[in-house]
Asks: 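To start, I am sharing the structure in question, which I have written as structure tokens.
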Amino acid sequence: MVTEPTESMNAIGGPGTVLASYGRGVLVQSGGLTLACGLTGRKQRIVCGDRVTWAHPPSADGPSVKSVEPRRNLIERIDARGRAEPVAANVDRLAIVVAPEPAPDWFLVDRYLAAALLKELDALVIVNKQDLGTAAMQSELAAYRGLRVTCVETASRSGAGLAELKRLLHDSVTLLVGQSGVGKSSLVNVLAPDAGAQTAELTRDSEGRHTTTTARWHWLAANSAIIDAPGVRDFAPPASLVRAAERGFVEIHELSANCRFKDCRHMEEPGCAVRTAVMGGRISVRRYESYRRLCRLYEKLAS
Ligand SMILES: Nc1nc2c(ncn2[C@@H]2O[C@H](COP(=O)(O)OP(=O)(O)OP(=O)(O)O)[C@@H](O)[C@H]2O)c(=O)[nH]1
Ligand SMILES: [Mg+2]
Ligand SMILES: [Zn+2]
């Protein structure tokens, strides 16, 4: 429900939260109002989760965004042309959603976990569509739990696991990320009281599926919100994060102190404690491969 401020309202502006950004304008929540605001200045790039000040001068057609508060953080993804595209700002947690279908891309999960670690965000793995059976995923989940990553199994269809998920999302802002079709929007629809009404905003892609095209903020309670985001094929943390890849892999970072060379990159160097641990089964071969892929990506970006 979009409300235009009327002349009877004294408020001609104020602070607000950006619920969604649609290229030419943004949806801002300010008190009890939801305002469709224009942007001022062509360079103004505002994303879901931004805290802004809006104003509606009597002479103007409608409200517009006057300023944006500095961000605590900004989550970006890489678009089809390889450019960083902002998705959401000021979040506390990345919740990485996977499902038995489509087949999980664990490298993608590792990259998101690395991004969360490097940006000092809380991380959570949600295994949705639990009704389809998650036996094949248990070894990966055990590896994550071993790294102290919380994993929760849910089914947005049956409601399984939702009480636990709600408890984990308490008093914080969570951004849902993951492959397309894992059920991020379905989860939001069952978690957020206001979300159902927005299903109509979803557009259909070329194959006729409902798919999310822009990040959208939904309140869960007074102090907690969940942001539904478009699904991704791949996610590459920005170069600054890729450079620090090692710190994104907690088990590799911990062991690196034992490598012979201080600047060991854990590739071909002699006396590498990380590779010894991989060969000895103490570090997962897949996690190590994830790390190497990120390093190779950095070499590509740097060349
Ligand atoms: N079996 C089963 N199917 C589910 C469940 N939750 C969602 N689905 C189905 O999964 C499909 C994709 O759901 P969406 O919620 O649109 O997925 P999404 O992650 O938002 O996808 P994008 O917006 O493209 O990123 C739909 O056909 C849902 O009905 C579940 O718990 N169990
Ligand atoms: Mg969606
Ligand atoms: Zn090493």
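Just so it is clear, the model here is predicted, and its values are computed rather than measured. Only this structure's heavy atoms are used, side chains among them; waters, hydrogens and symmetry mates stay out.
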Asks: Using only heavy-atom distances, determine whether the side chains of Trp219 and Gln29 contain a donor-acceptor pair under 3.5 Å.
Replies: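 Yes, Gln29 and Trp219 have a side-chain donor paired with an acceptor closer than 3.5 Å.
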
Asks: Looking just at side-chain N and O atoms, do Thr154 and Asn128 make a donor-acceptor pair shorter than 3.5 Å?
Replies: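 The answer is yes; a qualifying pair exists.
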
Asks: Would you indicate whether Arg145, at its atom CZ, is surrounded by more than 12 heavy atoms from other residues, nucleotides or ligands within a distance under 6.0 Å?
Replies: yes

Asks: Nearest 0.5 Å, what's the OG-CG distance between Ser185 and Leu176?
Replies: 8.5 Å

Asks: Under the side chain to side chain contact (heavy atoms under 4.5 Å, CB included) rule, what do Val87 and Glu76 come out as? Steps first, then yes or no, please.
Replies: CA-CA 5 Å; Val87 176; Glu76 295 171 304; 5.8 Å; no

Asks: For a quick check under 3.5 Å, do Glu246 and Ser256 share a side-chain donor-acceptor pair by atom type?
Replies: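 Looking only at side-chain atoms, Ser256 and Glu246 do form a donor-acceptor pair, the distance falling under 3.5 Å.
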
Asks: Distance check, rounded to the nearest 0.5 Å: Phe107 atom CZ versus Arg111 atom CZ?
Replies: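 One gets 9.0 Å once the value is rounded to the nearest 0.5 Å.
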
Asks: So, do Arg157 and Ser186 sit near enough that their side-chain heavy atoms are less than 4.5 Å apart?
Replies: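 A side-chain contact under 4.5 Å is absent here.
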
Asks: Backbone N or O of Asn73 within a donor-acceptor pair of the Lys119 side chain at under 3.5 Å?
Replies: no

Asks: Measure the CZ-CD1 distance between Phe249 and Ile283 for me, rounded to the nearest 0.5 Å.
Replies: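 Separation between the atoms: 11.0 Å.
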
Asks: Would you say the side chain of Pro102 lies within less than 4.5 Å of the side chain of Val182, judging by non-hydrogen atoms?
Replies: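 Val182 vs Pro102: side chains touch.
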
Asks: For Val127 and Leu141, run side chain to side chain contact (heavy atoms under 4.5 Å, CB included): C-alpha distance rounded to whole Å, both residues' side-chain angles, the deciding distance at 0.1 Å, then the answer.
Replies: CA-CA 9 Å; Val127 184; Leu141 298 180; 3.7 Å; yes

Asks: According to a 4.5 Å side-chain heavy-atom criterion applied to Ile, Leu, Val, Met, Phe, Trp and Tyr, with indirect links allowed, do Trp106 and Leu132 form part of one hydrophobic cluster?
Replies: no

Asks: So how far is it from Ile227 CD1 to Cys48 SG, rounded to the nearest 0.5 Å?
Replies: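 That separation rounds to 4.0 Å.
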
Asks: Would you say the side-chain atoms of Thr174 pair up with the backbone N or O of Ala95, donor to acceptor, closer than 3.5 Å?
Replies: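 Side chain of Thr174 to backbone of Ala95, a donor-acceptor pair under 3.5 Å: no, none is there.
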
Asks: When hydrophobic residues are tied together by side-chain contacts of less than 4.5 Å, even through go-betweens, does Met279 share a cluster with Val285?
Replies: no

Asks: Does any non-hydrogen side-chain atom of Phe261 lie less than 4.5 Å from one of Pro270?
Replies: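 Pro270 vs Phe261: side chains touch.
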
Asks: Within the 4.5 Å heavy-atom criterion, are Arg77 and Pro230 side-chain neighbours or not?
Replies: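 Contact flag for Arg77/Pro230 side chains = yes.
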
Asks: Using residues 159-173 as the side-chain source, report each donor-acceptor pair under 3.5 Å to any protein atom, sequence neighbours left out, with the distance given to one decimal.
Replies:
residue: Ser172; atom: OG; partner: Arg93; partner atom: NH1; Å: 2.9
residue: Ser172; atom: OG; partner: Leu169; partner atom: O; Å: 3.0
residue: Ser172; atom: OG; partner: His170; partner atom: O; Å: 3.2

Asks: Tell me whether Lys184 contacts the main-chain N or O of Gln179 through its side chain, where contact means a donor paired with an acceptor under 3.5 Å.
Replies: yes

Asks: Checking the side chain of Ser64 only, and the main-chain atoms of Cys37 only, is there a donor and an acceptor separated by less than 3.5 Å?
Replies: no

Asks: Leu121 and Val47: same hydrophobic cluster, using ILVMFWY side-chain contacts below 4.5 Å?
Replies: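 Cluster IDs for Leu121 and Val47 differ.
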
Asks: Got a second to check how far Tyr144's OH is from Met137's CE, nearest 0.5 Å?
Replies: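 Going from OH on Tyr144 over to CE on Met137, the span is 10.0 Å.
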
Asks: Looking at Arg287 and Glu251, is any side-chain nitrogen of the basic one under 4.0 Å from a carboxylate oxygen of the acidic one?
Replies: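 Counted as a salt bridge, because a side-chain N and a carboxylate O are separated by less than 4.0 Å.
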
Asks: Side-chain contact test, heavy atoms from C-beta onward, threshold under 4.5 Å: evaluate it for Thr212 versus Arg216 and give yes or no.
Replies: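 They are not in side-chain contact.
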
Asks: Between Ser30 and Gly14, which heavy-atom pair has the shortest distance, and what is it?
Replies: OG-C, 4.5 Å

Asks: Mind running side chain to side chain contact (heavy atoms under 4.5 Å, CB included) on Thr214 and Tyr22 for me, showing each step along the way?
Replies: CA-CA 7 Å; Thr214 188; Tyr22 304 94; 3.7 Å; yes

Asks: If you count every heavy atom of other residues, nucleotides or ligands that lies below 6.0 Å from Glu289 atom CD, does the total exceed 12?
Replies: yes

Asks: If only atom types and distance count, is the side chain of Asn90 paired as donor or acceptor with the main-chain N or O of Gly49 below 3.5 Å?
Replies: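 Side chain of Asn90 to backbone of Gly49, a donor-acceptor pair under 3.5 Å: yes, one is there.
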
Asks: For the CZ atom on Arg286, are there more than 12 heavy atoms of other groups (residues, nucleotides or ligands in this structure) within a distance under 6.0 Å?
Replies: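 Counting neighbours around CZ of Arg286, more than 12 heavy atoms of other residues, nucleotides or ligands fall under 6.0 Å, so yes.
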
Asks: Shortest non-hydrogen contact from Thr40 to Val65?
Replies: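 So the minimum-distance heavy-atom pair works out to OG1-O, 2.6 Å.
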
Asks: Is Arg72 close to Asp92 at the side-chain level, that is, under 4.5 Å between some pair of heavy atoms?
Replies: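 Touching, per the 4.5 Å side-chain cut-off.
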
Asks: Measure the CZ-OG1 distance between Arg51 and Thr17 for me, rounded to the nearest 0.5 Å.
Replies: 3.5 Å

Asks: Indicate the atoms forming the closest heavy-atom contact of Gly133 with Pro100, along with that distance.
Replies: O-CG, 3.2 Å

Asks: Using side-chain heavy atoms (C-beta onward) and a distance below 4.5 Å, is Val98 in contact with Val125?
Replies: yes

Asks: Identify the two heavy atoms, one from Lys66 and one from Ala55, that lie closest to each other, and give their separation to 0.1 Å.
Replies: CG-CB, 3.6 Å

Asks: Let me check something: do Leu74 and Leu113 share a hydrophobic cluster, defined by ILVMFWY side-chain heavy atoms less than 4.5 Å apart, either directly or through other members?
Replies: no

Asks: Give the C-alpha distance, both sets of side-chain angles, the deciding distance and a yes or no for side chain to side chain contact (heavy atoms under 4.5 Å, CB included) between Ile12 and Trp54.
Replies: CA-CA 8 Å; Ile12 53 152; Trp54 64 275; 6.0 Å; no

Asks: Measure up the Tyr291 and Tyr288 rings against each other and bin them: parallel (under 30°), tilted (30 to 60°), perpendicular (over 60°).
Replies: parallel

Asks: Is any side-chain heavy atom of Arg71 closer than 4.5 Å to a side-chain heavy atom of Asp50?
Replies: yes

Asks: Run the side-chain hydrogen bond (donor to acceptor under 3.5 Å, both in side chains) check on Ser158 and Asp131 step by step: do they pass?
Replies: CA-CA 8 Å; Ser158 67; Asp131 51 297; 5.6 Å; no

Asks: Salt bridge check: are Arg275 and Glu269 linked by an N-O gap of less than 4.0 Å?
Replies: no

